[in-house]
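Have a look at the structure below, then the notes.
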Amino acid sequence: MLKAALAVTWQRQNFDFLVNNAGIDVSAPFAQTTEEAFDSLLNVHFKGVFFLTQRLLTLIADGGRIVNTSSGLARFSVPGYAAYASMKGAIEVLTRYLAKELGPRRISANAIAPGIIETDFTRSALEHPGAREFLSANIALGRVGVPDDIGGVVDFLCSEEGRWVNAQRVEASGGMFI
């Protein structure tokens, strides 16, 4: 079915880039994280990435690129995000394994780790009084990021110029919490 969709829609047998970027925001202190919340995070942030990538592996062109979305929260710690950040840490490990195992096909795999980016995903966090100011004061470039700050990095990783970048965690946070 996937192969047929590629052929009909794009007249291709394969595709060049897989960007795994799905996410949900569930936060709670470690002691109050429920198994249901943990499973939701696991399913979206790790299991979904793992098995979608596995399923699409035969359709990714040799020399293609995989970009997985991690988070700055895998580097710095913010109370309430132990489960979320753990899933993102798992993504970073998976990315290295993908790079190693897919190397013979010249498929590179990298993880991009955004800091706080102004999107629907972060809207409620940024609406808390003082949150934007606090975060901006803790970002070296002095502001919360926007989607275009991340898109260019993904574009680079998928470009010919990015062909030698492999198995890396690329933080795109403006220098958050350095």
Side-chain angles (χ1 to χ4, degrees), residues 1-26 36-75 81 83-124 144-174:
M1 181 170 145
L2 295 171
K3 199 168 232 173
L6 279 169
V8 169
T9 306
W10 291 284
Q11 295 74 51
R12 299 230 10 213
Q13 296 297 313
N14 53 33
F15 60 91
D16 298 310
F17 314 116
L18 173 60
V19 179
N20 288 305
N21 188 44
I24 58 171
D25 184 17
V26 178
E36 178 183 29
F38 183 92
D39 287 346
S40 293
L41 287 164
L42 178 69
N43 287 337
V44 172
H45 289 278
F46 187 65
K47 185 177 180 181
V49 171
F50 189 101
F51 288 106
L52 176 67
T53 303
Q54 183 186 68
R55 173 88 190 272
L56 296 176
L57 206 51
T58 61
L59 298 177
I60 299 173
D62 288 352
R65 312 276 197 279
I66 298 171
V67 179
N68 294 323
T69 304
S70 180
S71 171
L73 289 165
R75 176 181 59 84
Y81 287 94
Y84 176 92
S86 295
M87 304 310 158
K88 294 305 189 175
I91 286 296
E92 292 181 16
V93 172
L94 173 64
T95 299
R96 291 192 304 273
Y97 274 85
L98 290 172
K100 184 71 168 180
E101 291 189 25
L102 301 179
R105 290 184 50 200
R106 299 176 334 281
I107 296 173
S108 68
N110 292 288
I112 185 168
I116 186 84
I117 305 297
E118 190 169 355
T119 65
D120 292 343
F121 188 80
T122 59
R123 180 173 289 124
S124 63
V144 169
V146 296
D148 283 347
D149 294 326
I150 304 306
V153 179
V154 173
D155 184 50
F156 168 74
L157 291 172
C158 292
S159 73
E160 184 60 21
E161 289 79 10
R163 71 185 173 272
W164 201 240
V165 180
N166 194 21
Q168 299 303 302
R169 175 194 192 275
V170 179
E171 181 151 333
S173 70

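As a basis for the values below, the full set of heavy atoms in this structure was taken, side chains included, without hydrogen atoms, waters or symmetry mates. The shown structure was predicted, so the numbers you read here are calculated from the model rather than taken from an experiment.
Residue Glu36 places its CD atom among 12 or fewer non-hydrogen atoms of other residues, nucleotides or ligands, all under 6.0 Å distant. Within a 6.0 Å radius of OH in Tyr97, no more than 12 heavy atoms belonging to other residues, nucleotides or ligands are found. Around the CZ atom of Phe50, the shell of radius 6.0 Å holds no more than 12 heavy atoms that belong to other residues, nucleotides or ligands.
Taking all atoms of both residues into account, the shortest heavy-atom contact from Thr119 to Pro147 is CG2-CG, 3.9 Å. The shortest heavy-atom contact between Ala61 and Arg12 is CB-NH2, 4.5 Å. Nearest heavy atoms, Phe121 versus Ile24: CE1-C, 3.3 Å. Shown here for Ala111 and Glu92, the closest heavy-atom pair between the two residues is CB-CG, 4.3 Å. When every heavy atom of Ala167 is checked against every heavy atom of Asn110, the shortest pair comes out as N-OD1, 3.2 Å. Across Ala83 and Phe38, no two heavy atoms sit closer than the pair CB-CD1, 4.1 Å.
At a threshold of 4.5 Å between non-hydrogen side-chain atoms, the residues Phe17 and Val154 do not count as touching. Ile117 is not listed as a side-chain neighbour of Thr122, based on a closest heavy-atom distance of 4.5 Å or more. Looking at heavy atoms from C-beta onward, Val165 lies out of side-chain contact with Ser108 at the 4.5 angstrom threshold. Side-chain contact check for Leu98 versus Asn68: some heavy-atom pair is nearer than 4.5 Å. Leu102 places a side-chain heavy atom less than 4.5 Å from the side chain of Leu57. Contact annotation: the side chain of Lys3 approaches that of Leu59 to within less than 4.5 Å [non-hydrogen atoms, C-beta and beyond]. Side-chain contact between Leu56 and Leu2 is present, with at least one heavy-atom pair separated by less than 4.5 Å. Put simply, the side chain of Arg169 reaches to within 4.5 Å of the side chain of Glu171, judged on heavy atoms.
Taking the six-membered ring where the residue is Trp, Tyr81 and Tyr84 present perpendicular rings, their angle passing 60° and hence far from 30°.
A donor-acceptor pair under 3.5 Å is absent between the side-chain atoms of Arg105 and the main chain of Gly63, judged by distance alone. Arg106 contributes no side-chain N or O that, together with a main-chain N or O of Gly64, makes up a donor-acceptor pair within less than 3.5 Å. When atom types are taken as modelled, the side chain of Asn43 and the backbone of Asp39 share a donor-acceptor pair closer than 3.5 angstrom. Side-chain N or O atoms of Gln168 include one that pairs as donor or acceptor with a backbone N or O of Asn166 at under 3.5 Å. Judged by distance alone, the side chain of Asp149 and the main-chain N or O of Val146 form a donor-acceptor pair under 3.5 Å.
Here OG1 of Thr69 is found 6.0 Å from NZ of Lys88. Values are rounded to the nearest 0.5 Å. Note that the CD1 atom of Ile116 and the OG atom of Ser71 stand 8.5 Å from one another [nearest 0.5 Å]. Between atom OG1 of residue Thr58 and atom CD of residue Gln13 there is a gap of 11.0 Å, rounded to the nearest 0.5 Å. Atom CD in Glu161 sits 9.0 Å away from atom CG in Asp155 (nearest 0.5 Å). Of the inter-residue distances, the one linking Cys158 atom SG with Arg163 atom CZ reads 14.5 Å to the nearest 0.5 angstrom. Within the model, atoms NE2 of His45 and OG of Ser86 stand 11.5 Å from one another, a figure rounded to the nearest 0.5 Å.
Remark: Asp25 pairs with no residue by the side chain to side chain donor-acceptor pair (under 3.5 Å) rule, at least two apart or across chains.
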Item to complete: Please assess Ile60 against Asn14 for the test side-chain contact (heavy atoms from CB on, under 4.5 Å), listing each intermediate value before the final yes or no.
Response: CA-CA 6 Å; Ile60 299 173; Asn14 53 33; over 6 Å; no

Worksheet item: Step by step, would you call Met87 with Leu42 a side-chain contact (heavy atoms from CB on, under 4.5 Å)?
Response: CA-CA 6 Å; Met87 304 310 158; Leu42 178 69; 3.7 Å; yes

Fill in: Candidate pair Lys47 and Phe51, rule side-chain contact (heavy atoms from CB on, under 4.5 Å), full reasoning
CA-CA 6 Å; Lys47 185 177 180 181; Phe51 288 106; 3.7 Å; yes

Item to complete: Show your working on side chain to side chain donor-acceptor pair (under 3.5 Å) between Asn20 and Thr53 and close with a plain yes or no.
Response: CA-CA 8 Å; Asn20 288 305; Thr53 303; 3.0 Å; yes

